2 protein chains.
Amino acid sequence: MAEPLTPVTLADVAQVAGVSKMTVSNVINNKPSMSNETRQRVQRALEATGYVVNPAARALAGRRSNLIGVLTPRVNWPFVTEVLHGASVAAEAAGLNLGIFTTANNPTLERERATLLRTLADGVLLVAPSADEEHIFGQAVPVVTLGAHGQRSIQVDNHTGAAIATRHLLGLGHRRIAHLRGKHSHILDAAQREAGFLATMQAAGQAVPPEYLQDGEFSEEGGERAARVLLTLPEPPTAIFAANDRSAIGALRAAHALGLRVPQDLSLVGFDDIHATSVTDPPLTTVRQPLEKMGETAARLLIDLIRGTEPAQSHVIFPATLVTRASTAPPRADRGSS
Amino acid sequence: MAEPLTPVTLADVAQVAGVSKMTVSNVINNKPSMSNETRQRVQRALEATGYVVNPAARALAGRRSNLIGVLTPRVNWPFVTEVLHGASVAAEAAGLNLGIFTTANNPTLERERATLLRTLADGVLLVAPSADEEHIFGQAVPVVTLGAHGQRSIQVDNHTGAAIATRHLLGLGHRRIAHLRGKHSHILDAAQREAGFLATMQAAGQAVPPEYLQDGEFSEEGGERAARVLLTLPEPPTAIFAANDRSAIGALRAAHALGLRVPQDLSLVGFDDIHATSVTDPPLTTVRQPLEKMGETAARLLIDLIRGTEPAQSHVIFPATLVTRASTAPPRADRGSS
DNA sequence: GTAAAGGTGTATACCGGTAAAGTAACAGGC
DNA sequence: GCCTGTTACTTTACCGGTATACACCTTTAC
């Protein structure tokens, strides 16, 4: 089984086994109705020649490549890596390969990669898309979105998650609560979290001044910048609810830089429960999304679609839970009143 | 140009433009020798039909898919993400797509993904392989390795980098210096770093007791475990040189847990200069690898190989530089002598 | 004993592109 | 006017698989 210079094709195997190409193909794909003897003969020939399929040919001829494509802006966002891990587990269990393609939020790249996946992949997982990119794929290939967009999507209950976080802060006695928004113009999840925050504040009879809504942009830098603005207001908030953990970590950094202690001078709640929140100083109270499980569910839903078994539900909403760590506490007496 | 239900093929475009398939193909691929008028007519037909190429067909017929495959154990190691970013820039500049495939250090997955890439990709980038996986690809496809393995590789000067780190600690007055090793049995880079450390210590006339070499396993957990062993020795080291930043961060955690202050009670040097080292407490002194640039160089080398232009060199070794932050200081007077 | 049914394997026609060879028309050299 | 060269396309033959239809041999039904 030394490395053959010319790739081995079905025809080569067929010749060695003394059968037709089709028979070899049928053995490889576990088609029924063939004698055990033939099957074994072909198996031996496969091993003797060291045959490997050509996915391109298979995709062209049979419209299936055993490949799931993941389209995501970046791979180094903790959110994405945890989802990927879950998806990868599900794909492996189903015997499918998983290929990751990054768009860097660049529309040109997005189109290009999407074009590639349209014909190359059996299904596409859209992770944390910046908008509804699903339409690029049309009917060409099934798509499942991780986030609040899309025809078929897996998401967390953003509204309730935000409400839990807000109620937690209210319950500690905070009244001056600010929110670091995500990119709500593009990302539906961000809008849902903001809405959950505002609804809860309103239900509690708490007004939210407009300057208490700042754009944290879902990033560490954005969070730091926005938190600086909030904390240098004439009447700064005593608590901040950030739309994701990365912006919360930025806010934490801003607080430290301004000499504020967390949680004594400022309470802070994030969203996502990425790994880093457990190792910040202090560890961050946050709203947990079961990211790995969501990735796994998304992949399984996609696999169902690929296999043609119409799945029971096309939108799955996972519950959000509060993880209480050390970044939240009652407000100091001299700052707590509104 | 609404979403066509049946994908548009070359033949469709050819019919609309009133030319042959080949002419359309030639226009798409910018072949010379065709009249401007025909070119424009085809262009119009392309736009009118909304044609997109079928990469699978192209790969099959033309034995080129415009895809670079990246094979890596995981995507959430900072080392990997930084390299990926560089590679992605180079690929984009060359008009190639980049697909990432993870192996999770699972030999079965490794083989499977490699098999896929053999025929799917025009070239493969092996990032941080756990061993010499290059042979899997044989002659089927050009391979460039990021690390000390392989026929064509991009790596940092591990030996000198380790020497610089060690000399830095020696220069501060440390004599009892320990090393957190990487998985030197599998990863050549780890072995080279260890050798650089030992050679420098020997050149300085400093003996390294065997218990001062502990396995940090390139991971945070491993680093923490190994550092605990070191720091609870009867004669603990006053400084630790870790084979990578992740194990250094683990050591930092162990030191904190044992009530040791860094750098007053323990000096710590890492390797890689990943982003996290600048935000730990204290920020970590480390040996910098220009990871992004290395990724870019690797991709460019691979692209040269794909294009058939035999590149000038098949091994590129980047210099390592010391980044001095706050985790190193002279040893305390009562602990510094050996 | 013949027909229908079932199991097993083969022949053929594609999938949607590309490479390579072929053709037609025209220009220029001598 | 003939040959050679060039330009601008077209024709043909694949790339390596899969779907479909069908051919062959037994077995079973009546």
Side-chain angles (χ1 to χ4, degrees), chain A residues 4 6-43 45-46 49-67 115-116 118-122 140-141 308, chain B residues 4-43 45-46 49-67 115-116 118-120 122 140-141 308:
Chain A
T6 308
V8 181
T9 70
L10 273 190
D12 300 329
V13 181
Q15 195 175 6
V16 170
V19 296
S20 73
K21 265 174 41 169
M22 248 355 268
T23 303
V24 180
S25 172
N26 286 335
V27 169
I28 290 172
N29 295 291
N30 274 317
K31 291 283 162 62
S33 97
M34 55 182 35
S35 72
N36 254 322
E37 196 223 311
T38 308
R39 197 184 293 276
Q40 280 168 25
R41 198 142 46 92
V42 172
Q43 285 290 4
L46 284 169
T49 52
Y51 172 83
V52 292
V53 293
N54 179 330
R58 181 177 268 181
L60 179 59
R63 51 205 357 93
R64 110 197 124 88
S65 57
N66 283 343
L67 178 70
T115 301
L116 182 75
R118 270 173 70 117
T119 53
L120 203 56
D122 291 343
V141 76
Chain B
L5 284 176
T6 308
V8 180
T9 71
L10 272 191
D12 301 328
V13 180
Q15 196 176 4
V16 170
V19 295
S20 73
K21 266 173 41 167
M22 237 11 254
T23 303
V24 179
S25 172
N26 286 334
V27 169
I28 289 171
N29 294 291
N30 275 315
K31 292 282 162 61
S33 98
M34 53 183 35
S35 74
N36 255 322
E37 196 224 309
T38 308
R39 196 183 294 273
Q40 281 168 24
R41 198 142 45 90
V42 171
Q43 286 290 3
L46 284 169
T49 52
Y51 172 84
V52 291
V53 291
N54 179 331
R58 181 178 270 180
L60 180 58
R63 47 208 357 95
R64 106 197 127 87
S65 57
N66 283 343
L67 178 70
T115 300
L116 182 74
R118 272 173 66 120
T119 51
L120 200 57
D122 292 341
V141 76

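Each chain gets a letter, A, B and so on, in the order the sequences are listed, and its residues count up from 1. This is a predicted model, so every value here is computed, not measured.
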- prompt: Looking at B/Thr23, does any N or O in its side chain come under 4.0 Å of the phosphate oxygens OP1/OP2 on D/dA8?
  reply: no

task: Specify the residues of residues 26-35 of chain A, ordered by number, for which at least one heavy atom lies under 4.0 angstrom from an atom of DNA chain C.
output: A/Ser33, A/Met34, A/Ser35

- line: B/Arg64 atom CZ is separated from C/dA19 atom C1', nearest whole Å, by 11 Å

query: Rounded to whole angstrom units, what separation is found between the CG atom of B/Leu46 and the P atom of C/dG17?
result: 11 Å

- request: Check whether any side-chain heavy atom of A/Arg39 lies under 4.5 Å from a side-chain heavy atom of A/Asn30, and answer yes or no.
  value: yes

query: Rounded to whole angstrom units, what separation is found between the CG atom of A/Leu10 and the P atom of D/dC15?
result: 13 Å

statement: Walking DNA chain C from its 5' end, the first of B/Leu60 and A/Arg39 to be reached, judged by nearest nucleotide, is A/Arg39

- request: May I ask you to say what B/Thr38 touches in the nucleic acid, namely base, sugar-phosphate or nothing, with a heavy-atom cut-off under 4.0 Å?
  value: sugar-phosphate

query: Ignoring hydrogens and angles, does a donor from either the side chain of A/Lys21 or the base of D/dG16 sit under 3.5 Å from an acceptor on the other?
result: no

field: Under 3.5 Å donor-acceptor, A/Ser25 side chain and A/Lys21 backbone
entry: no

statement: From CD of B/Gln40 across to P of D/dC9 the rounded distance in Å is 12 Å

Donor-acceptor pair, side chain of A/Ser65 and main chain of A/Leu120, under 3.5 angstrom: yes

query: Looking at residues at least two apart in the chain, or sitting in another chain, which of them share a salt bridge (charged side-chain N to carboxylate O under 4.0 Å, His left out) with B/Arg58?
result: none

- request: For A/Met22 and C/dA11, give me the distance from atom CE to atom P, rounded to whole Å.
  value: 12 Å

task: Check the distance between C/dG16's C1' and A/Asn54's CG and give it to me in whole angstrom.
output: 14 Å

- prompt: Starting at CG of A/Leu120 and ending at P of D/dG17, how long is that distance when rounded to a whole Å?
  reply: 15 Å

query: Within a strict 4.5 Å, meaning less than it, do heavy atoms of the B/Val24 and B/Tyr51 side chains meet?
result: no

Close side-chain approach of B/Val8 and B/Val52, heavy atoms under 4.5 Å: no

